Amino acid sequence: MFRIIFFGTSDFAAPHLDALIRDPSFQVIAVVTQADKPVGRHAELKPPPVKLLAQRFGITVFQPQKIAELKDDARFQNLLNPRPDVGVIVSYGKILPQWILDLPAFGIVNVHASLLPRWRGASPIQAAIAAGDRKTGVTVMKIDAEMDHGPLLATEEEIMRPEDTAGALSMRLARRGAALLPKTLAEYLNKKILPTEQNHAKAIYCKILTRDDGKIDWNRTSSEIERLVRAYDPWPGTWMELGDKRLKILKARIRPNDAAFKAGTRFLWKGRPSVKCGQGTVIELETVQPEGKIPMSGEAFTRGYQNWISLKEKLESEMV
RNA sequence: CGCGGGAUAGAGCAGUUGGCAGCUCGCCAGGCCCAUAACCUGGAGGUCGCCGGUUCGAGUCCGGCUCCCGCAA
């Protein structure tokens with residue numbers, strides 16, 4: 001039985017930990033996860049999904065603010081004897097220092113939510129949707145000093161669906177990864193597969209997202225914007241400014257290029273809120289959420305917010 | 001007690017210095033057109049979130065409560 005130390009935090013990580021726990025070839029000796037974080041309007045502390053899962057199975061959990069704290073943690077150091085066979089890291093949220101990578105005999109194995117070397121970085125699922133990729137997948141690889149740069153152990157493809165949001169796709173990829181990980185790990189530890197170098201020339205990177213990334217640039221085409229709305233659902237979300245408030249855009253639909261306004265112009269298309277985008281394209285806002293309000297259909301929104309169209313733009317829209 | 005917005009007809013909203021409860025859409029009935037997100041006429045539909053206070057009179061002012069949401073982390 002192989003002794004595993006698991007690093008992970010999110011909902012994406014949890015199914016992977018679950019798969020390892022249930023596999024009799026492995027023993028998860030410790031789980032390292034992020035500290036409980038304040039969440040919601042009243043900033044209550046919420047434990048991460050991986051912690052809840054580990055506790056349910058009685059596995060020792062570590063939540064260091066900094067990894068370095070583990071060096072001085074007697075409880076942690078005791079678990080290292082005998083030496084763990086391998087470490088697994090899945091969306092942990094922090095970079096592991098070299099001394100951790102050197103800890104287990106077989107190093108640290110990572111599950112990444114893309115087909116590496118495409119979409120190295122922190123937001124591979126969002127990047128794949130935003131880019132309009134037709135397929136994506138999960139990659140099992142060995143961690144090295146550079147981000148998502150280590151040699152590959154296995155990959156599994158997943159076909160993208162036209163309605164895919166990051167939330168939905170992430171769940172499917174987590175299931176894929178959770179199925180692939182124990183199998184691959186066993187083969188690797190039994191030396192049935194060897195890590196193979198990535199094709200570094202083909203590497204493409206994606207960045208860490210912030211809420212500001214969700215601000216819509218109307219100069220982009222309606223296809224790009226529609227993909228962005230799905231890519232950033234449920235986080236960080238897409239939005240536009242409307243007066244001094246924000247309007248969240250929860251669902252959008254591409255419309256025929258039939259309006260002669262400049263990019264960013266708001267108008268009505270059969271009573272539905274629409275915006276002119278780049279290169280003559282048009283997008284309809286199907287579901288929106290004004291600040292301080294619940295989500296609503298575009299039609300309902302324009303019924304109440306009758307200044308959706310400004311005066312000048314209204315004249316233009318009546319001419320079309 | 002992190003900052004802030006909100007609750008009024010089935011939906012989305014307006015409601016001024018307190019003085020008859022409104023708009024757009026939907027719904028029902030009738031009419032009209034080759035046709036339309038149609039259009040015209042009429043109609044139904046409200047305990048203005050809850051409790052208390054001020055007042056001749058409160059959707060509106062004051063106090064408390066419940067619920068929903070945006071931001072931040």
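If you're wondering where the values come from, they're calculated on a predicted model, not measured in any experiment. Each chain gets a letter, A, B and so on, in the order the sequences are listed, and its residues count up from 1.
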S91(A) and S10(A) side chains, donor-acceptor separation under 3.5 Å: yes

Sequence neighbours excluded, every pair satisfying side-chain hydrogen bond (donor to acceptor under 3.5 Å, both in side chains) that has a member inside residues 184-193 of chain A: K142(A)-Y188(A)

Length of the CG-P vector between L247(A) and rC13(B), whole Å: 11 Å

Separation between the P atoms of rC62(B) and rU54(B), rounded to whole Å: 15 Å

Rounded interatomic separation in angstrom, taking CG from D244(A) and C1' from rG4(B): 12 Å

Would you be so kind as to tabulate the donor-acceptor pairs closer than 3.5 Å made by side chains of residues 96-109 of chain A, with sequence neighbours excluded?
{"residue": "Q98(A)", "atom": "NE2", "partner": "D102(A)", "partner atom": "OD1", "Å": "3.0"}

Those residues of residues 45-54 of chain A lying under 4.0 Å from RNA chain B by at least one heavy atom: none

Euclidean distance for C1', rA14(B) against rA29(B) (whole angstrom): 29 Å

F301(A) CZ to rC13(B) C1', straight-line distance once rounded to whole Å: 11 Å

Separation of the C1' atoms in rU36(B) and rG49(B), to the nearest angstrom: 41 Å

Any side-chain donor near an acceptor of the partner, H200(A) and R120(A), under 3.5 Å: yes

Between rG59(B) and rC50(B) - P atom distance, rounded Å: 11 Å

Within residues 236-245 of chain A or reaching into it, pairs that qualify as salt bridge (charged side-chain N to carboxylate O under 4.0 Å, His left out) - sequence neighbours excluded: K215(A)-E241(A)

Distance, P atom - from rA21(B) to rC40(B), rounded to whole angstrom: 28 Å

Distance, rounded to the nearest Å, where W308(A) contributes CH2 and rC23(B) contributes C1': 20 Å

Q65(A) atom CD, neighbour heavy-atom count above 12 within 6.0 Å: no

Interatomic distance, L242(A) CG vs rC13(B) C1' [rounded to whole Å]: 14 Å

Contacts of type ring pair (Phe, Tyr, Trp, His ring centres under 6.0 Å), residue F301(A), not counting sequence neighbours: Y305(A), W308(A)

For atom CG of L268(A) and atom C1' of rU36(B), their distance in whole Å: 17 Å

B/S/- contact track for nucleotides 66-73 of chain B, protein heavy atom under 4.0 Å: --SBBBBB

Pairs touching residues 7-27 of chain A that satisfy salt bridge (charged side-chain N to carboxylate O under 4.0 Å, His left out), sequence neighbours left out: D18(A)-R22(A)

Pair D133(A), W119(A): side-chain N/O donor-acceptor within cut-off below 3.5 Å: yes

Assigned partner base of rG42(B), Watson-Crick or wobble definition, under 3.5 Å: rC28(B)

Pairing nucleotide - rG70(B), Watson-Crick or G-U, each distance under 3.5 Å: rC3(B)

Spacing of M296(A) atom CE relative to rG6(B) atom C1', expressed in whole Å: 11 Å

Euclidean distance for P, rU8(B) against rG15(B) (whole angstrom): 14 Å

Selection residues 29-44 of chain A - residue pairs positive for salt bridge (charged side-chain N to carboxylate O under 4.0 Å, His left out), sequence neighbours left out: D36(A)-K51(A)

Residue pairs involving residues 55-76 of chain A (criterion salt bridge (charged side-chain N to carboxylate O under 4.0 Å, His left out); sequence neighbours excluded): none

rC65(B) - base-pair partner by Watson-Crick or wobble geometry, distances under 3.5 Å: rG49(B)

Integer angstrom distance from the P of rG26(B) to that of rA11(B): 15 Å

Under the side-chain contact (heavy atoms from CB on, under 4.5 Å) test, residues paired with T210(A) that sit two or more places apart: D212(A), D213(A)

At a cut-off of 3.5 Å, list every protein nitrogen or oxygen paired with a nitrogen or oxygen from nucleotides 8-11 of chain B, distance to 0.1 Å.
{"residue": "rA11(B)", "atom": "N3", "partner": "R303(A)", "partner atom": "NH1", "Å": "3.2"}

Qualifying residues under salt bridge (Lys or Arg N to Asp or Glu O under 4.0 Å), relative to E157(A), sequence neighbours excluded: K135(A)

Interatomic distance, Q306(A) CD vs rC25(B) P [rounded to whole Å]: 9 Å

Nearest-angstrom distance, C1' atom, rC56(B) to rG46(B): 25 Å

